[in-house]
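Some notes on the structure that comes next.
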Amino acid sequence: MTTYQYTLGSAEYMVQLFPNPDFADKDLGFNTYADVIKHYTVNSLEADGIDFSEVDVHEQNGMYAIKIIGHASLETLKKFGKRHNELFSKDYAQKAIAGVSLLKELNVWNPMEGYWVNKNQGDGPCKWALFPPLGLNVIGQRGMTLMHYPPWAVLTAGTFDNAMTMQRWTRILEAAGINESDTNFYKTFIDVNPIAAPGSGQSEYPNDYFPIMMASGFFDGPKGSGRDYIRSMMEIYLSPPDHPEDAKYTLPLLICGSPLYDPQAPGWFRAAYTDILPQEDNIPQVNVLQTGKFKIYPDSEKETPYMICNHMIAAGVTGKCTNDPASIPDIRQYEAQDLVAATFLKLYHDNPSIDPADAKKQACQRWFGNDKGYVKPNPPDSKDKALICALAQVDLFFVPTPTPHPKYTMEEALKRCAGADPLDDPCACGIKPDGPKGDEIDCS
């Protein structure tokens, strides 16, 4: 057995970066901040695939100390502890505290406090809490996604794994050919607004209290200002300790937000990196499946390959069967676009020096049968066509109670698709949904 102890950081700052134990579901048994820190540390160790048996967290001399006992090598535990400490230091996650302090100073923190912003009984009155990436990879990530903000339900559950967004992303990753045991390495993300809040009341118009301006003004200040939270977190997450020094690029980045659902992360990216983006009629573009490379800071050592993609839950929320499978919100287009994004990450793990344009081309050829997408998906492999159909069936049929969940498993969906006419068309008469998600298809 190996034992390793390290200091995470000052209690003064850790109690601001980790959520109050009173916010969590009671069955998690959180009584102190040490309980909360232990819980998310365990989640991160599991996400990184580190063999451990025990984690102890305690406060001593105004600092939180972490002790890990397990079968992993001392080198691995040291690597984890060093990067864990870095992530929560003044140079990285602590910069979010400055943004929150400024929001409060300007009296724009939680403008709907005490009022309901949606009809979800589980969310209750609006509340906000600083919530940087917790319980995610520390050293094992193979890519990163940039998203909008974390839903309050994640904070109460103490994990992102139960969120519908992450459950769907896991299905997409596995369909793209990533082993089930490796999917955790592709779930690392940061939010341009690192504030937990009710999940359907801060970004759904007209209740958009987390706009692009908020991310730019409070979490993307000039380098050296102490408020450049977003860029500093991208830089550390995209260059994990084992990333080869001679690699051409950092890890790849997905920038998630569909034009029809939660477009704020691509919107921030457009505002932050206007000069490096392609333009149409003098308008910088951030279109789904757009790829390129950029430097996080002007003086960053390496370029980062990126792809703009949909929000991971967009297909489940706005996807439907339409007469135009070459455009969203058609569910077939959504599924193929999301599979291209997952494949983009996988290709960089297989070949870290691949050019972004080549990675997109390969991914689009697999899922669309052409180089660019934006046509009716027509995968050359019949198995991939069946996967698009099955994923669409899972997303089209949803059961809201007792807790929201898909009506069909992937296995059940594959059987439905195999019996469809035309074969493997999720919008075929006989397996398409009734009502607004399928009424554009005439089966009379």
Side-chain angles (χ1 to χ4, degrees), residues 117-123 147-148 150-154 156-157 159-176 183 187 198-205 207 256-263 309-325 327-339 341-342 377 386-420 424-441 443:
V117 292
N118 63 46
K119 296 181 181 179
N120 185 343
Q121 295 298 308
D123 279 341
M147 301 181 77
H148 186 198
W152 189 266
V154 167
T156 59
T159 178
F160 288 93
D161 285 345
N162 294 336
M164 289 182 286
T165 298
M166 279 301 162
Q167 291 177 359
R168 181 175 183 274
W169 184 230
T170 300
R171 289 194 295 273
I172 294 289
L173 290 168
E174 290 180 6
T183 55
K187 296 179 184 178
S200 297
Q202 311 298 319
S203 62
E204 300 302 317
Y205 303 108
N207 292 326
C256 309
S258 121
L260 302 182
Y261 187 86
D262 216 6
C309 63
N310 298 303
H311 189 286
M312 280 77 171
I313 201 62
V317 177
T318 63
K320 59 182 181 178
C321 290
T322 76
N323 291 308
D324 182 14
S327 304
I328 61 171
D330 190 275
I331 193 68
R332 292 160 289 192
Q333 184 71 198
Y334 260 131
E335 303 297 352
Q337 288 182 351
D338 294 352
L339 286 162
L387 284 170
I388 288 178
C389 179
L391 288 165
Q393 283 282 299
V394 172
D395 286 333
L396 287 168
F397 292 90
F398 215 68
V399 180
T401 58
T403 57
H405 62 280
K407 182 176 181 179
Y408 301 114
T409 65
M410 280 292 289
E411 290 75 16
E412 292 168 336
L414 284 166
K415 289 181 180 179
R416 286 172 62 83
C417 291
D424 290 326
D425 183 353
C427 297
C429 295
I431 68 168
K432 77 172 184 67
D434 297 324
K437 285 188 175 286
D439 58 10
E440 287 188 31
I441 307 298
C443 291

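These numbers come from the heavy atoms of this one structure, side chains and all, not from hydrogens, waters or symmetry mates.
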For [X] and [Y], which heavy atoms make the closest approach, and how far apart are they?
X	Y	result
Ala418	Asp424	N-OD1, 3.9 Å
Lys437	Gly319	NZ-O, 2.9 Å
Asn323	Ile441	OD1-CD1, 3.7 Å
Trp152	Pro198	CB-N, 3.9 Å
Pro325	Thr322	N-OG1, 4.3 Å
Ala413	Ala390	CB-O, 3.5 Å

Quick one: does Gln393's side chain have a donor or acceptor within less than 3.5 Å of a partner on Ile431's backbone?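 Answer holds: yes.
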Which of these, Gln337, Gln333, Glu335, sits in a side-chain hydrogen bond (donor to acceptor under 3.5 Å, both in side chains) with Asn310?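 Result: among Gln337, Gln333, Glu335, Gln337 is the only option passing the side-chain hydrogen bond (donor to acceptor under 3.5 Å, both in side chains) with Asn310.
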Would you say Leu391 and Leu339 make side-chain contact, with heavy atoms under 4.5 Å?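 Yes, at least one pair of side-chain atoms sits under 4.5 Å.
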Can you check whether Pro329 reaches Tyr261 side chain to side chain, under 4.5 Å on heavy atoms?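 No - every pair of side-chain heavy atoms lies 4.5 Å or more apart.
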Any chance you could measure Lys432, atom NZ, to Phe397, atom CZ, to the nearest 0.5 Å?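 That separation rounds to 8.5 Å.
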With sequence neighbours left out, what residues match [X] under side chain to side chain contact (heavy atoms under 4.5 Å, CB included)?
X	result
Thr165	Met147, His311, Met312, Ile313
Ala342	Trp169, Ile172, Leu173, Ala176
Ala163	Val154

Check disulfide (SG to SG under 2.5 Å) between Cys321 and all other residues, then give those that pass, not counting sequence neighbours.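 Residues passing disulfide (SG to SG under 2.5 Å) with Cys321: Cys427.
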Salt bridge (Lys or Arg N to Asp or Glu O under 4.0 Å) contacts in which one or both residues fall within residues 402-419, not counting sequence neighbours: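 Sorted pair list comes back empty.
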Option passing side-chain contact (heavy atoms from CB on, under 4.5 Å) with Tyr334 (candidates Asp395, Ile388, Thr318):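 Per the side-chain contact (heavy atoms from CB on, under 4.5 Å) rule, the option paired with Tyr334 is Thr318, out of Asp395, Ile388, Thr318.
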Can you name the residues that form a salt bridge (Lys or Arg N to Asp or Glu O under 4.0 Å) with Arg332, not counting sequence neighbours?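 Only Asp330, Asp425 meet the salt bridge (Lys or Arg N to Asp or Glu O under 4.0 Å) criterion with Arg332.
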CA sep, side-chain torsions, deciding dist, call: Met410, Leu387, side chain to side chain contact (heavy atoms under 4.5 Å, CB included): CA-CA 9 Å; Met410 280 292 289; Leu387 284 170; 4.0 Å; yes
Worked verdict on Val394 versus Arg168 for side chain to side chain contact (heavy atoms under 4.5 Å, CB included): CA-CA 9 Å; Val394 172; Arg168 181 175 183 274; over 6 Å; no
